[in-house]
Structures are given as C-alpha cells and as structure tokens.
Amino acid sequence: MPRLSEVIAALDNLWPAERAESWDAVGTVAGDPDQDVERVLFAVDPVQEIVDEAVKLGAGLLVTHHPLYLRGTTTVAASTFKGRVVHTLIKNDIALHVAHTNADTADPGVSDALAGALGLRVVRPLVPDPSDPAGRRGLARVCELDTPHTVREFAALAAERLPATAQGIRVAGDPDAPVRTVAVSGGSGDSLFDHVRAAGVDAFLTADLRHHPASEFMADRAHRPLALLDAAHWATEWPWCELAAAQLDEISDRHGWDLRVHVSRTVTDPWTAHAASSSATTDTSGAPN
C-alpha cells in the first residue's frame, strides 16, 4: 500500500503544477503525506456530495478536476459549505488533490478524453503548448470524424455519448450542414473562438457558451460558417475522470501498489431540469407580443 506522498508524486508527474495557468489553484489541498492510501476516487467537483461518497467508499484520496478554493479564503469554518468539505475530509483522513488547467493541456488531457468519448480522432492541439517540442500538449483538440455527419447527427451523437444532463446539447448553425472536422474543448470554451476560426473546422463543441460571444461568432460572415455545440460543463469534463483513473491504474500495476481506483458517477452539474420551448425546433419567427 503506497503512502499519499508516493501517489501524489505520480499524479504530479502526469499533471505538473507548473503547467497550470497562473490564476489556477492546483495540487494537494488536504492530506498527510505519510498516510497510507488504498482507494482513490476521481470526480469533477469537490462538493459535499462527492466527499460523502469518498467517505462511504473508504477512499484515502479524492482527486478532482475543479479546485476547492480557486480564489482563496480566510476561513474553513464548518458553517460554510467549503469549510464543511474540509472538515469532512480531515475527520475521515481523506486527502484532496486537484488537477485543473494542468490536466487541460496534458497529453493526454481533458479534451483528449472528450474526443475519445465522442469517437473522434485527435489530429492536434487547437492551441499548442510552445514548450512541447512534440506538439502534442496544449489547449483543446482539433479532431476528425471517421465518417461525415450532419450537424444534427453530430449533436445527437454527442447527446448519446456524453453523460446525461438537464441541458443536453444546444446547437447554433445549419442543422443539415456537413461535419468532417471538429474542435473540442472540455469546460468553458468561448475564449477560443479566434483559434477555432483559424483551424478551419466545421464545428466546435465545448461548454458555457455565452450569448454575446456566440452571437457575434455566428454573425461574422467574413469567415466560412461553422456550427457551435454547447454541452454542459460537467459533462464535457467527466470523461477525463475515467482517463485519469486508467492512468493511475496503470501506474499502480507498474509499482505493485494494488490501489483500488474508482470514478464517481454522481452528477454534480448544477442544473437539474430543462423545459424545452414548445416552438424551439419549429417556429423561431418572433418573440411573444
């Protein structure tokens, strides 16, 4: 059974903290380096529901994609929901480790896992990491489909392959347009619009697309039209948990650790229901008077 420090060293080798964005908060949040670790749980969000799952599982380490304290804090009082998370972790000898933007740009990383879930063939990073001479690391991925789809068909495929959420998949663009190449980015992706245009792809699948950036992007007729597919943030990043768990499983086998690695299937997307407009796909001629 390995010590926490040994497992963390392996995770840091996969996702070095120095490759995270300067504003990010990655690494170990809680945990005794000398404690033994038998079970590890991977999840997207370090919320109470996930921590309670780690307690029930008997995990000694919880690895999440999203940070617990991205902007810092002045208190870990249990009267706050994040403080309660910290108290639960410490009381139950559960360490918390975060791999966020350093996992986004890794090889393989969050967008590789997203592409894999969608059955896409990764061609290259959308925004290459200049420090990687092999040209494999970087933000988001440019991908190809084995067989062309229409936008409508590709949206249906994404809705089928990604974890189910209340949002599903929103689409902007011609539903019948052909899709052969796709850019994908796990998590919020509208900051990448310039790179998507330059890549010359047929569609861009990401999450958290805002009204004004998306509207301006679609209205820019100086470039070839392409489709936007907006999935739930959690759903685009959850496939990374399975990828990361498989990576740690391989490391465990190589070192003879016999770790038991688990992936949480608890849906922590904050949206819980969706009521579709009755005219959403049939009549967009005007708003109500």
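Only this structure's heavy atoms are used, side chains among them; waters, hydrogens and symmetry mates stay out.
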A.B. asks: With distance as the sole test, does R19 use its side chain to make a donor-acceptor pair with the main-chain N or O of T101 at under 3.5 Å?
C.D. replies: no

A.B. asks: Going by atom types only, do H212 and E216 share a side-chain donor-acceptor pair under 3.5 Å?
C.D. replies: no

A.B. asks: Could you report the tightest heavy-atom contact between A95 and G31, atom names first, then the distance?
C.D. replies: CB-CA, 3.7 Å

A.B. asks: Can R197 be said to sit on top of F204's aromatic six-ring, NZ or CZ under 6.0 Å from centre and within 45° of the ring axis?
C.D. replies: no

A.B. asks: Is it true that W240 and L118 fall in one hydrophobic cluster, defined by side-chain heavy atoms closer than 4.5 Å?
C.D. replies: no

A.B. asks: Calculate, to the nearest 0.5 Å, the distance between atoms CG and CG belonging to L4 and D34 respectively.
C.D. replies: 9.0 Å

A.B. asks: Rounded to the nearest 0.5 Å, how far apart are CG of L229 and CG of L205?
C.D. replies: 5.0 Å

A.B. asks: Do L126 and S185 come close enough that some side-chain heavy atom pair is under 4.5 Å?
C.D. replies: no

A.B. asks: Do I169 and V267 land in one hydrophobic cluster if side-chain heavy atoms of ILVMFWY residues count as linked below 4.5 Å?
C.D. replies: no

A.B. asks: Quick one: do V151 and L162 end up in the same hydrophobic cluster if we chain Ile, Leu, Val, Met, Phe, Trp and Tyr together by side-chain heavy atoms under 4.5 Å apart?
C.D. replies: yes

A.B. asks: Could you check L62, V47, L41 and say which one makes a side chain to side chain contact (heavy atoms under 4.5 Å, CB included) with E53?
C.D. replies: L41

A.B. asks: Say you draw a straight line from CZ of R124 to CZ of R141; how long is it, rounded to the nearest 0.5 Å?
C.D. replies: 11.0 Å

A.B. asks: Membership question, hydrophobic clusters at under 4.5 Å side-chain separation (ILVMFWY): are V26 and L70 in the same one?
C.D. replies: no

A.B. asks: With distance as the sole criterion, is a donor-acceptor pair present between the side chains of S131 and R137 under 3.5 Å?
C.D. replies: yes

A.B. asks: Would you give the length of the straight line joining atom CD of E144 to atom CG of L120, rounded to the nearest 0.5 angstrom?
C.D. replies: 10.0 Å

A.B. asks: Among D194, L226, D190, exactly one meets side chain to side chain contact (heavy atoms under 4.5 Å, CB included) together with F217. Which residue is that?
C.D. replies: L226

A.B. asks: Does V29 reach the side chain of V98, with side-chain heavy atoms less than 4.5 Å apart?
C.D. replies: yes

A.B. asks: Any donor and acceptor pair, going by atom type alone, linking the side chain of T206 with main-chain N or O of G187 inside 3.5 Å?
C.D. replies: yes

A.B. asks: Do Q35 and R3 touch side chain to side chain, with heavy atoms closer than 4.5 Å?
C.D. replies: no

A.B. asks: Just so I know, are the side chains of V51 and R84 near enough to count as touching, which here means a heavy-atom distance under 4.5 Å?
C.D. replies: no

A.B. asks: Compare all side-chain heavy atoms of V40 with those of R260 and state whether any distance is below 4.5 angstrom.
C.D. replies: no

A.B. asks: Are L14 and F42 in one and the same hydrophobic cluster, where Ile, Leu, Val, Met, Phe, Trp and Tyr link if side-chain heavy atoms are under 4.5 Å apart?
C.D. replies: yes

A.B. asks: Aromatic rings W257 and H255: how do their planes relate, parallel, tilted or perpendicular, breaks at 30° and 60°?
C.D. replies: parallel

A.B. asks: For the side chain of S111 and the backbone of L114, is there at least one donor-acceptor N/O pair under 3.5 Å apart?
C.D. replies: no

A.B. asks: Does T268 reach the side chain of W238, with side-chain heavy atoms less than 4.5 Å apart?
C.D. replies: no

A.B. asks: Would you confirm whether the ring centroid of H233 sits within less than 6.0 angstrom of the ring centroid of H65?
C.D. replies: no

A.B. asks: Does any N or O in the side chain of T181 come within less than 3.5 Å of the main-chain N or O of D202, such that one atom is a donor and the other an acceptor?
C.D. replies: yes

A.B. asks: Counting only N and O atoms by type, is there a donor-acceptor contact under 3.5 Å from the side chain of H262 to the main-chain atoms of A54?
C.D. replies: no

A.B. asks: Nearest heavy-atom pair of V184 and C143: which atoms, and what distance?
C.D. replies: CG2-SG, 3.9 Å

A.B. asks: Does any N or O in the side chain of D129 come within less than 3.5 Å of the main-chain N or O of G135, such that one atom is a donor and the other an acceptor?
C.D. replies: no

A.B. asks: So which atom in R136 and which in P125 form the shortest heavy-atom distance, rounded to 0.1 Å?
C.D. replies: O-CG, 3.4 Å

A.B. asks: Using modelled atom types and a 3.5 Å cut-off, is there a donor and acceptor pairing between side-chain atoms of E237 and backbone atoms of W234?
C.D. replies: no

A.B. asks: Compute whether any side-chain donor of one residue and acceptor of the other, for T150 and D176, lie under 3.5 angstrom apart.
C.D. replies: no

A.B. asks: Main chain of P16, side chain of D12: is a donor-acceptor contact present, judged purely on distance under 3.5 Å?
C.D. replies: no

A.B. asks: Working to the nearest 0.5 Å, report the span between CG of L89 and CG of L68.
C.D. replies: 7.5 Å

A.B. asks: Side-chain contact test, heavy atoms from C-beta onward, threshold under 4.5 Å: evaluate it for P46 versus H66 and give yes or no.
C.D. replies: yes

A.B. asks: Please round to the nearest 0.5 Å and tell me the distance separating atom NE2 of H97 and atom CH2 of W15.
C.D. replies: 7.0 Å

A.B. asks: Looking only at atom types and distance, does a side-chain atom of N92 sit under 3.5 Å from a main-chain N or O of T88, one as donor and one as acceptor?
C.D. replies: yes

A.B. asks: Has the side chain of E242 got a donor or acceptor atom that lies under 3.5 Å from a matching backbone atom of V263?
C.D. replies: no

